[in-house]
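Throughout, protein chains are lettered first and strands after them, A, B, ... in sequence-line order, and every chain is numbered starting at 1. If you're wondering where the values come from, they're calculated on a predicted model, not measured in any experiment.
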There are 2 protein chains.
Amino acid sequence: MNIGEIARRAGVSRSTVSYALSGNRPVSEATRKRIQSVIDELGYRPNASARALAEGRTRTIGLVIPPASSRLTHMQLDFVGSVVDAAAKADLDVLLSPSGGDHDRSFERLVSESRVDGVILMEIRMEDARVDRLREARMPFVGIGHPANDPGMFWVDVDYAGLIYHCVRHLADLGHRDIALLNRSPELVAAGYGPGHRAREGFMRAVTELGLQGTELLCGDDARCGQECIADLLAGRPEVTALATINEAALPGVQRALQEAGLVIPRDFSLTGVVASQWAEDFRPPLTAADMPSDQMAAQAMALLVEIIRDPSMPAQHILMSPPISLRHSTGAAPAGSHAAIRPVGQPQQPTGGGLS
Amino acid sequence: MNIGEIARRAGVSRSTVSYALSGNRPVSEATRKRIQSVIDELGYRPNASARALAEGRTRTIGLVIPPASSRLTHMQLDFVGSVVDAAAKADLDVLLSPSGGDHDRSFERLVSESRVDGVILMEIRMEDARVDRLREARMPFVGIGHPANDPGMFWVDVDYAGLIYHCVRHLADLGHRDIALLNRSPELVAAGYGPGHRAREGFMRAVTELGLQGTELLCGDDARCGQECIADLLAGRPEVTALATINEAALPGVQRALQEAGLVIPRDFSLTGVVASQWAEDFRPPLTAADMPSDQMAAQAMALLVEIIRDPSMPAQHILMSPPISLRHSTGAAPAGSHAAIRPVGQPQQPTGGGLS
DNA sequence: ACGTGTAGTCGAACCGGTTCGCGCACCGTA
DNA sequence: TACGGTGCGCGAACCGGTTCGACTACACGT
């Protein structure tokens, strides 16, 4: 079932079969048909390893994901699906590699054993050793997210700073003066997680420019943490009337905490942020939020990667996406007086993240 | 940077380098060290395609997932992560392939181009053409889930029928007499989705054996559908006091619907089912449920696959997992009288799924 | 009739590894 | 000293494709 067998049965040489299949040289209609019928009969498919070895490319790309231990968020998972789809459209296969933790052998295989033609690197940190490693190995790659300084690196990212800035601005326009940011977990941000830092940056800029009161909450990525965080916030800073979030996994907890405090969205409390549209629409009421465009990000990253693979000398390119904020029903005018008065009084506590200014 | 270059610099033949690396023949300590130092200096790693071609195996396995269009559930995503982890532990790489929809080229590449040594096939349907295709191509594979008839096929599955049976039994023990099953979407079940059919089967058996009143709801996989489904149920069949579910994505909606109806879990309504533990614990109150053991399933499937690859003539093996039901706080004694009386009365509607008996 | 060009095909080399068979040097033993 | 065994290394063949250079046959223009 190899190319030699096909050649033998069709009464031609191996090279002719190869040319008939690839079209890289003209082959007469008669022999092409003869070869094709033999192939159809035997169900022959060329061996991928042999082809990769001869061509010097694998028609496979690597997708480096964070290790499963640090649970993937829905946003990330959406993205993985989108990448696989985009790759399938380009007739490429996807090799999955967790990195970090104890799985670095897998990453090392990816970069140095010519297993893939290029790499999409998720979850770039502000300082990221993997970027250096890929560049050293001259492996074409596109980052999802970008490090603090990026000399000539290709990446696609979402403009968290700008989006959170706009979210806060939107809240301020509605009259909110005391606003919180629900950031990701303290560990993640401390580890240099880009979106966390950039969301904070946009938040601070907005707060400063607009003369607001701002509180940042660092909150674990699950409903329980979200509930605790918001409960603490409402107890410690009852003046807060609105929240911007980049932590969608905490949303169910946010909802519960607000509910238990007797607050109705958006009458008593406004909520917005950067959230995968699926989650935004599943929320009650549906969230006014910037929809994460994971399909487009994946498609853009893939297109970029294909270009770099074709021409490795291409000048670097960055794509900073800024999806529009979809107006749904979770933000409204600030309540006339602080709702602190009408809430059952608990003893005030310091919110988890500490104040900002 | 190939094995010939290493050999040249170390002053030995290519075969000696190969043997030094693989250990397949003895090499003197002195030459081994010399070779190793050259390798370290140049950072040499053998080319994966060439090795695969020569050895006749790729050290890669394929993971066939449902296409991204039909959104992956958290359970499935957990499983993907677990598979990648298990593969990394065995020094195997994972090639991701969506199947179904218009991505069948990707699946075809997987089975017939010798890209992988074996396949893990997710989301097996009761009748599944991919199973036949894999068998025809003599590709070692392990199914997650199993088809209706499985002549000599390897698979790992969760005993949905048994688990749902036990859930219902548990509810019956608490005094519930009128119980609903929250199944997956009508389309999925109609397409022969195994867990849907087997959950139904276990539910019917329990209902019949225990002389209960049973209602099956077919419900889309998101919060909105969950909310509608339960709202309809409460309106049309107010006698129902407990629910077993295999549709975790609908849970947030279930919660909202119960809440809006003024029902408190578990005082007025009991909830249980088969749910990834993360979701079960995120729920308020935490769900009494059978935890999906995705880590163990992945590890088992991987172990099985490795064995089949080593010895393709192995007799078939099935693993039906039956994780224990974790008692948390979402089930309780049936309310004394039906809570229908104390609920605000809406006009009765037919529940989405229709009655069972 | 004779170069010239071109379409179609073949053989051989090559991609970068692994493995088999063989030869050489060295050992202990008869 | 001759001999069989063993440890170590070499060269060549092979895995299954792709591609390059060359060769043949035929059509064309002069």
Looking only at atom types and distance, does a side-chain atom of B:Asn47 sit under 3.5 Å from a main-chain N or O of B:Ala50, one as donor and one as acceptor?
-> yes
Do A:Leu95 and A:Arg115 have side-chain heavy atoms sitting under 4.5 Å apart?
-> yes
Is the closest side-chain heavy-atom distance between B:Leu121 and B:Trp155 below 4.5 Å?
-> no
Taking DNA chain C as the partner, which of residues 133-140 of chain B come within under 4.0 angstrom of it by heavy atom?
-> none
Please round to 10 degrees the angle between the axis of the first five pairs and the axis of the last five pairs in the helix from C:dA1-D:dT30 to C:dA30-D:dT1.
-> 50°
Neighbour count above 12 (heavy atom, 6.0 Å) for A:Glu127 CD | no
Expected list for residues 20-29 of chain B near DNA chain D, using heavy atoms below 4.0 Å, is B:Arg25, B:Pro26, B:Val27, B:Ser28
Residue set satisfying side chain to side chain contact (heavy atoms under 4.5 Å, CB included) with B:Ala191, at least two apart, ordered chain then number -> B:Arg125
Is there a side-chain contact between A:Ser106 and A:Ser97 (heavy atoms, below 4.5 Å)?
-> yes
May I ask you to test the A:Glu123-A:Ser99 pair for a side-chain heavy-atom distance under 4.5 Å?
-> no
Salt bridge (Lys or Arg N to Asp or Glu O under 4.0 Å) pairs touching residues 304-320 of chain A, sequence neighbours excluded, are none
Taking C-beta and beyond as the side chain, do B:Leu96 and A:Val83 meet within less than 4.5 Å on heavy atoms?
-> no
Using a 4.0 Å heavy-atom cut-off across all strands, classify B:Ser49 as base, sugar-phosphate, or nothing.
-> nothing
Can you name the residues that form a side chain to side chain contact (heavy atoms under 4.5 Å, CB included) with B:Ala301, not counting sequence neighbours?
-> B:Ile120, B:Val142, B:Ile144, B:Val156
Tell me, please, which residues at least two apart from B:Met139 pass side chain to side chain contact (heavy atoms under 4.5 Å, CB included).
-> B:Val116, B:Val119, B:Leu134
Less than 3.5 Å apart, which donor and acceptor atoms pair up between the side chains of residues 5-13 of chain A and the rest of the protein, not counting sequence neighbours?
| from | atom 1 | to | atom 2 | distance (Å) |
| --- | --- | --- | --- | --- |
| A:Glu5 | OE2 | A:Arg8 | NH2 | 3.1 |
| A:Glu5 | OE2 | A:Arg9 | NE | 3.0 |
| A:Glu5 | OE2 | A:Arg9 | NH2 | 3.3 |
| A:Ser13 | OG | A:Ser15 | OG | 3.0 |
| A:Ser13 | OG | A:Thr16 | N | 3.4 |
| A:Ser13 | OG | A:Thr16 | OG1 | 3.1 |

Those residues of residues 38-47 of chain B lying under 4.0 Å from DNA chain D by at least one heavy atom | none
Step by step, work out the salt bridge (Lys or Arg N to Asp or Glu O under 4.0 Å) result for B:Glu108 and B:Arg105.
-> CA-CA 5 Å; B:Glu108 202 47 39; B:Arg105 279 209 310 275; over 6 Å; no
Going by the salt bridge (Lys or Arg N to Asp or Glu O under 4.0 Å) test, which pairs reach into residues 28-37 of chain B, not counting sequence neighbours?
-> B:Glu29-B:Arg32
Please determine if B:Asp91 and B:Arg59 form a salt bridge, counting it only when a charged side-chain N lies under 4.0 Å from a carboxylate O.
-> no
Strand contacts (DNA chain D) in residues 3-17 of chain A, 4.0 angstrom heavy-atom criterion = A:Ile3, A:Arg14, A:Ser15
For A:Met314, look at atom CE and say whether over 12 heavy atoms of other residues, nucleotides or ligands are found less than 6.0 Å away.
-> yes
Can you pull the contact range of chain A along DNA chain D, 5' to 3', using atoms under 4.0 angstrom from its heavy atoms?
-> D:dG16 to D:dA22
Of all heavy-atom pairs linking B:Ser49 and A:Thr58, the shortest is OG-CG2, 4.1 Å
Please work out if B:Ser114 contacts a base, only the sugar-phosphate, or nothing of the nucleic acid, heavy-atom cut-off 4.0 Å.
-> nothing
Flag the pair B:Met153 / B:Pro147 as yes when at least one side-chain heavy-atom distance between them is below 4.5 Å, and no otherwise.
-> yes
Sorted by position of nearest nucleotide on DNA chain C, 5' first, the leading residue of B:Arg51 and A:Tyr19 is A:Tyr19
